[in-house]
There are 2 protein chains.
Amino acid sequence: MKQTARAADDGLKLSSWLPYRLFLVAAQVARPLESFYGETYGLSQAGWRILAVIAERDAANAAEIGRACALDPFATSRGIGQLTELGFAVRRAGKSDRRFAAVSITRSGRTAFNRIAALGSAIEARLLARLSESERAALDSTLTRLEDESARIDAGGWRDAGAS
Amino acid sequence: MKQTARAADDGLKLSSWLPYRLFLVAAQVARPLESFYGETYGLSQAGWRILAVIAERDAANAAEIGRACALDPFATSRGIGQLTELGFAVRRAGKSDRRFAAVSITRSGRTAFNRIAALGSAIEARLLARLSESERAALDSTLTRLEDESARIDAGGWRDAGAS
DNA sequence: CATAGTACTTGCACTCTGCAATTATCTATG
DNA sequence: CATAGATAATTGCAGAGTGCAAGTACTATG
């Protein structure tokens, strides 16, 4: 049995596989930002995401925050804990239902957020600078569709990731 | 001093920040695949990436593999170690220079790769199915530019991530 | 042939994650 | 109105992943 000892039987080539390409850009772009807020503020990735969420949405509870930045309840709780230790957020018991802890950003949290966001915006600007106006619009609409479909794929799990 | 207790001073809104959008799609799409190869073969993310690389490039050394899938030498070494333990790869000492270990995929490694790649291709197909032919072409060229710029951003580190 | 350099590996401390168990609180029921 | 059952959040702990110093094996150079 002559076995063609060569290349991928399935056509999957990592460097041109869409999910890997997206991952690579996301990872490379995130790294400088991560080391910035890590070294400067001792913030974790989850901490930064939560900080960004509470910067625009005041007095959110943990579940809302988790949904907004794709973190499970454990990670959310730990992230909020980190932010409160750093003095970037405060927890207050909800007024009507005391199980819901309302999380709010503090003044120094907002200062930190603004510094990080400035770098984040600069990075985004560098990426966008490579694209024409029409390319940006196209990317935006394409990403919206991909977000939609990827949420569906994620929700289904691998057993039916191949389906529809 | 009247402080406007509201929204992000910097315009950065997580859900419309390009790097986060890319990250989200990549993460959601990767999860089902990861649980598939994790549960089925006990493969880590690094292991899968390396498997995909040696499936198309035979007898590569660790440095080449690492470059091809964006892993540092430590992670690469451990990933190769995992693959050899699973019987999916073999290391042979290089003929001319014995410091370079030539890594090759085994028959069972290729079988595993084909199964995983089939699911991976199906997932990619689901994403692409949401796009028109012209959108796919646009996304491809846009991603090429973004890959280029993100590599530059990553290489620079955060101290000059803001610069040109 | 000693020295320096290269490719890779290993050990260890540290962080991150996933999950079970817990706490605190609220709701529904008899 | 006690109490059983939900619900929101937290904590403890084990396992996996990560970063870095040090080590091994080999090659190149003066």
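Bear in mind that the values here come from a model prediction, so they are computed numbers and not experimental data. A, B, ... follow the sequence lines: proteins, then strands. Residue 1 opens every chain.
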Side chains of [X] and [Y] in contact at under 4.5 Å (non-hydrogen atoms):
X: B/V29; Y: A/L146; result: no
X: A/Y37; Y: A/S44; result: no
X: B/Q28; Y: A/E147; result: no
X: B/L12; Y: A/I116; result: no

Just the rounded figure in Å: distance from [atom2] of [N] to [atom1] of [X].
X: A/Y37; N: C/dT15; atom1: OH; atom2: C1'; value: 14 Å
X: B/L43; N: D/dG17; atom1: CG; atom2: P; value: 10 Å
X: B/Q45; N: D/dG17; atom1: CD; atom2: C1'; value: 11 Å
X: A/L83; N: D/dA9; atom1: CG; atom2: P; value: 15 Å
X: A/R49; N: C/dC16; atom1: CZ; atom2: C1'; value: 13 Å
X: A/E34; N: D/dG17; atom1: CD; atom2: P; value: 18 Å
X: A/Q82; N: D/dT11; atom1: CD; atom2: P; value: 14 Å
X: A/R98; N: D/dA9; atom1: CZ; atom2: C1'; value: 14 Å

In sequence, state the C-alpha distance, the side-chain angles, and the governing distance for A/V103 and A/D58, and then conclude on side chain to side chain contact (heavy atoms under 4.5 Å, CB included).
CA-CA 7 Å; A/V103 180; A/D58 196 65; over 6 Å; no

Of A/K95 and A/A46, the one whose nearest nucleotide on DNA chain C sits closer to the 5' end is A/A46

Take A/F100 and B/S44, find for each the nucleotide of DNA chain D with the closest heavy atom, and name the residue whose nucleotide sits nearer the 5' end.
A/F100

Measure from the ring center of A/F113 to the ring center of A/F88 and say whether it is less than 6.0 Å.
no

Which of residues 64-81 of chain A sit near DNA chain C, with a heavy atom under 4.0 Å from it?
A/D72, A/F74, A/R78

Can a donor-acceptor pair be found between the side chains of A/Q45 and A/R49 at a distance below 3.5 Å?
yes

D/dT7 base to A/R99 side chain: any donor-acceptor pair below 3.5 Å?
yes

